[in-house]
Participant: 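Structure in structure tokens, see below.
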Amino acid sequence: MTSLVQHITVDCSDAYELARFWAQVLGASVSDDDEPGDPEALVETPAAALLFVTVPEPKRAKNRVHLDVRPDGRTRDEEVERLLGLGATLVADHRKPNGRGWATLADPEGNEFCVECGAAERAALTGARLPVTADDVALAVRLAADTLSGAADADWEVPAGGLTWDCWETVEHLSDDLFAYAVQLGPRRPPQDREVPFRYAARRPGGPANSVFADPAAGTAGLLQTLEAAGALLTAMVRTTPSDVRSHHVFGLSDPEGFAAMGVVETLVHTHDVAAGLSLSWAPPQDLCDRVLARLFPDAPDDEDRWTVLLWSTGRADLPGRDRVTSWKWHGAPL
């Protein structure tokens with residue numbers, strides 16, 4: 001039995017106002033239970049919970065504990081400028097000409113915090129690849145569901161692109177994939193030589209064998225809800241499973257990042273299949289494609305269009321000067 005950190009608590013002179021500042025920093029919101037003038041205010045994010053408490057004593061010295069933040073989707077320097085615009089002040093500049101280093105800022109009540117390089121900047125500086133994360137799974141599923149919802153009234157019994165399954169079955173299969181990857185990480189002792197023994201069956205001869213099926217009476221909205229729910233399960237398992245955990249996959253043992261990348265690839269390519277059947281436009285972010293290619297297809301060509309390379313790697317597109325892929329598997333083992 002151990003202890004868990006419930007909150008990071010910050011003493012301040014105005015809990016609600018300082019919470020509003022930090023909510024903007026972290027892209028979150030102040031708890032609905034808190035109002036201006038309350039003695040406490042809570043800001044919760046997937047990574048941390050900050051509790052601000054009004055106290056009568058002023059801040060007198062440098063904090064012995066401080067937060068280090070890194071930008072998501074911005075550079076370090078862009079984030080520094082954004083935070084200064086929100087009301088932070090620059091305390092010390094430790095940024096170096098080679099791109100390394102950090103900036104020390106203070107929030108509106110003088111509490112110091114540091115802004116470091118984002119993940120992409122770190123990778124560029126070190127030559128390392130960017131990992132595939134739980135946030136990537138959530139992004140892929142959200143983009144897929146948003147795209148497919150644009151054909152809610154279409155005929156979902158038409159074939160999904162070049163597959164023998166129809167569009168409804170393909171989304172059920174995708175939901176089942178995400179569910180299956182999530183549950184492989186769930187047991188206290190993840191299986192090393194088999195799948196977690198849920199029962200799989202096909203709805204019809206020739207259809208995908210799933211554990212997850214959507215209720216046809218719920219319509220397309222219900223089908224997409226099962227996709228979002230399965231994606232959320234995998235997102236949560238990847239986010240909370242220690243990186244040294246290994247579990248069985250038919251292509252070999254994999255780790256949480258590997259299962260995240262598998263879930264993203266399944267989402268991107270099967271949304272491509274369904275979008276083709278429903279005459280929808282689908283082009284996922286190039287950087288997301290690049291991350292999963294680096295993780296699961298490390299020998300893939302370095303052509304600039306990473307989405308086309310991912311489609312080629314999974315047998316769904318041609319690349320100039322290369323034979324079309326007719327049989328493929330990914331590299332699930334940890335890199």
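Just so it is clear, the model here is predicted, and its values are computed rather than measured.
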Participant: Hey, is R203 close enough to E172 for a salt bridge, meaning N to O under 4.0 Å?
Facilitator: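 Yes, charged N to carboxylate O under 4.0 Å.
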Participant: Using 30° and 60° as the class limits, which term best fits the ring planes of H249 and Y181: parallel, tilted or perpendicular?
Facilitator: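 Taking Y181 first and then H249, their aromatic rings sit tilted (interplane angle of 30° to 60°).
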Participant: Just how far is it from atom CD of E266 to atom CG of D177, taken to the nearest 0.5 Å?
Facilitator: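 Output value for this atom pair is 4.0 Å.
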Participant: Could you pull out all donor-acceptor pairs under 3.5 Å where a side-chain atom in residues 155-163 meets a protein atom, sequence neighbours excluded?
Facilitator:
| residue | atom | partner | partner atom | Å |
| --- | --- | --- | --- | --- |
| D155 | OD1 | E157 | N | 2.9 |
| W156 | NE1 | A151 | O | 2.8 |

Participant: Given the rule in the side-chain contact (heavy atoms from CB on, under 4.5 Å) test, do L293 and R306 qualify, once you have shown the distances and angles that lead to the verdict?
Facilitator: CA-CA 8 Å; L293 281 166; R306 307 308 286 158; 3.6 Å; yes
Participant: Quick one: are F21 and L86 in side-chain contact, heavy atoms under 4.5 Å?
Facilitator: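 Yes, their side chains come closer than 4.5 Å.
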Participant: Measuring from atom OG1 of T170 to atom CG of D273, what distance do you get when rounded to the nearest 0.5 angstrom?
Facilitator: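 If I round to the nearest 0.5 Å, the distance is 6.5 Å.
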Participant: Please list all pairs passing the ring-ring contact (aromatic ring centres under 6.0 Å, His included) test where one or both residues lie in residues 119-153, with sequence neighbours left out.
Facilitator: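 Residue pairs with at least one partner in residues 119-153: there are none.
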Participant: Indicate yes or no: at least one non-hydrogen side-chain atom of E40 is less than 4.5 angstrom from one of Y16.
Facilitator: no
Participant: For the atom pair CG (L227) and NE2 (H173), what is the distance rounded to the nearest 0.5 Å?
Facilitator: 12.0 Å
Participant: Between W328 and S313, is there a side-chain heavy-atom distance shorter than 4.5 Å?
Facilitator: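 Result no, sub-4.5 Å side-chain heavy-atom pair not found.
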Participant: Under the side-chain contact (heavy atoms from CB on, under 4.5 Å) rule, what do R95 and V80 come out as? Steps first, then yes or no, please.
Facilitator: CA-CA 11 Å; R95 291 174 285 186; V80 167; 4.0 Å; yes
Participant: Could you give all pairs that pass the salt bridge (charged side-chain N to carboxylate O under 4.0 Å, His left out) test and reach residues 104-124, with sequence neighbours left out?
Facilitator: K59-E112, E116-R122
Participant: So does R189 have more than 12 non-hydrogen atoms from other groups sitting under 6.0 Å from CZ?
Facilitator: no
Participant: Return the CG to CH2 distance between D303 and W312, rounded to the nearest 0.5 Å.
Facilitator: 8.5 Å
Participant: Identify whether F213 and V183 are in the same connected component of the hydrophobic contact network (ILVMFWY, side-chain heavy atoms under 4.5 Å).
Facilitator: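 No, separate clusters.
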Participant: Taking the side chain as C-beta and beyond, is there a heavy-atom pair between L105 and C114 under 4.5 Å?
Facilitator: no
Participant: Quick one: do L335 and F297 end up in the same hydrophobic cluster if we chain Ile, Leu, Val, Met, Phe, Trp and Tyr together by side-chain heavy atoms under 4.5 Å apart?
Facilitator: no
Participant: Is there side-chain contact between R295 and H331, with at least one heavy-atom pair below 4.5 Å?
Facilitator: yes
Participant: Decide yes or no for P242 and V245: does some side-chain heavy atom of the first lie under 4.5 Å from some side-chain heavy atom of the second?
Facilitator: yes
Participant: Considering residues, nucleotides and ligands other than D318, do more than 12 of their heavy atoms fall under 6.0 Å from its CG?
Facilitator: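 Enclosed: over 12 neighbouring heavy atoms sit under 6.0 Å from CG of D318.
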Participant: Are any of the side-chain heavy atoms of H7 and L50 separated by less than 4.5 Å?
Facilitator: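 H7 vs L50: side chains apart.
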Participant: If the plane angle is over 60° it's perpendicular, under 30° parallel, otherwise tilted; pick one for W307 and W282.
Facilitator: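 Plane angle over 60°, so perpendicular.
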Participant: So, R82 and E79, do they make that salt bridge, N to O below 4.0 Å?
Facilitator: yes
Participant: Under 6.0 Å from the CZ atom of R199, do we count more than 12 heavy atoms belonging to anything else shown?
Facilitator: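 No - once you tally the heavy atoms of other residues, nucleotides and ligands closer than 6.0 Å, there are 12 at most.
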Participant: With respect to D136, which candidate in R239, R291, R142 satisfies the salt bridge (Lys or Arg N to Asp or Glu O under 4.0 Å) definition?
Facilitator: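 Between D136 and the candidates, salt bridge (Lys or Arg N to Asp or Glu O under 4.0 Å) is satisfied uniquely by R291.
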Participant: Could you list the residues that satisfy side chain to side chain contact (heavy atoms under 4.5 Å, CB included) with V55, not counting sequence neighbours?
Facilitator: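 Testing V55 for side chain to side chain contact (heavy atoms under 4.5 Å, CB included), a comparison that skips the adjacent residues, returns D11, V53, E57.
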Participant: Walk me through whether L268 and L288 qualify under side-chain contact (heavy atoms from CB on, under 4.5 Å).
Facilitator: CA-CA 10 Å; L268 300 188; L288 180 59; 4.2 Å; yes
Participant: Specify the closest pair of heavy atoms between A119 and L130, including all atoms of both residues, with the distance to one decimal.
Facilitator: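 In terms of heavy atoms, the two residues are closest at O-CD2, 3.2 Å.
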Participant: Can you tell me how far apart CD (Q184) and CZ (F179) are? Round to the nearest 0.5 Å.
Facilitator: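 The CZ atom of F179 is 10.0 Å from CD of Q184, to the nearest 0.5 Å.
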Participant: Can you tell me if T314 uses its side chain to pair, donor with acceptor, with the backbone of L311 under 3.5 Å?
Facilitator: yes
Participant: Tell me, please, which residues at least two apart from W102 pass ring pair (Phe, Tyr, Trp, His ring centres under 6.0 Å).
Facilitator: H94
Participant: Heavy-atom distance under 4.5 Å between the side chains of S13 and P58, does that happen here?
Facilitator: no
Participant: Just to verify, what does S29 make a side chain to side chain contact (heavy atoms under 4.5 Å, CB included) with, not counting sequence neighbours?
Facilitator: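 Not a single residue meets the side chain to side chain contact (heavy atoms under 4.5 Å, CB included) criterion with S29.
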Participant: From T267 OG1 over to M262 CE, what is the distance, rounded to the nearest 0.5 angstrom?
Facilitator: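 Rounded to the nearest 0.5 Å, the OG1-CE separation comes out at 13.0 Å.
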Participant: I'd like to know whether T271 forms a side-chain contact (heavy atoms from CB on, under 4.5 Å) with L174, so could you lay out the CA-CA distance, the side-chain angles of the two residues, the decisive distance to 0.1 Å, and finally the verdict.
Facilitator: CA-CA 9 Å; T271 300; L174 171 56; 4.3 Å; yes
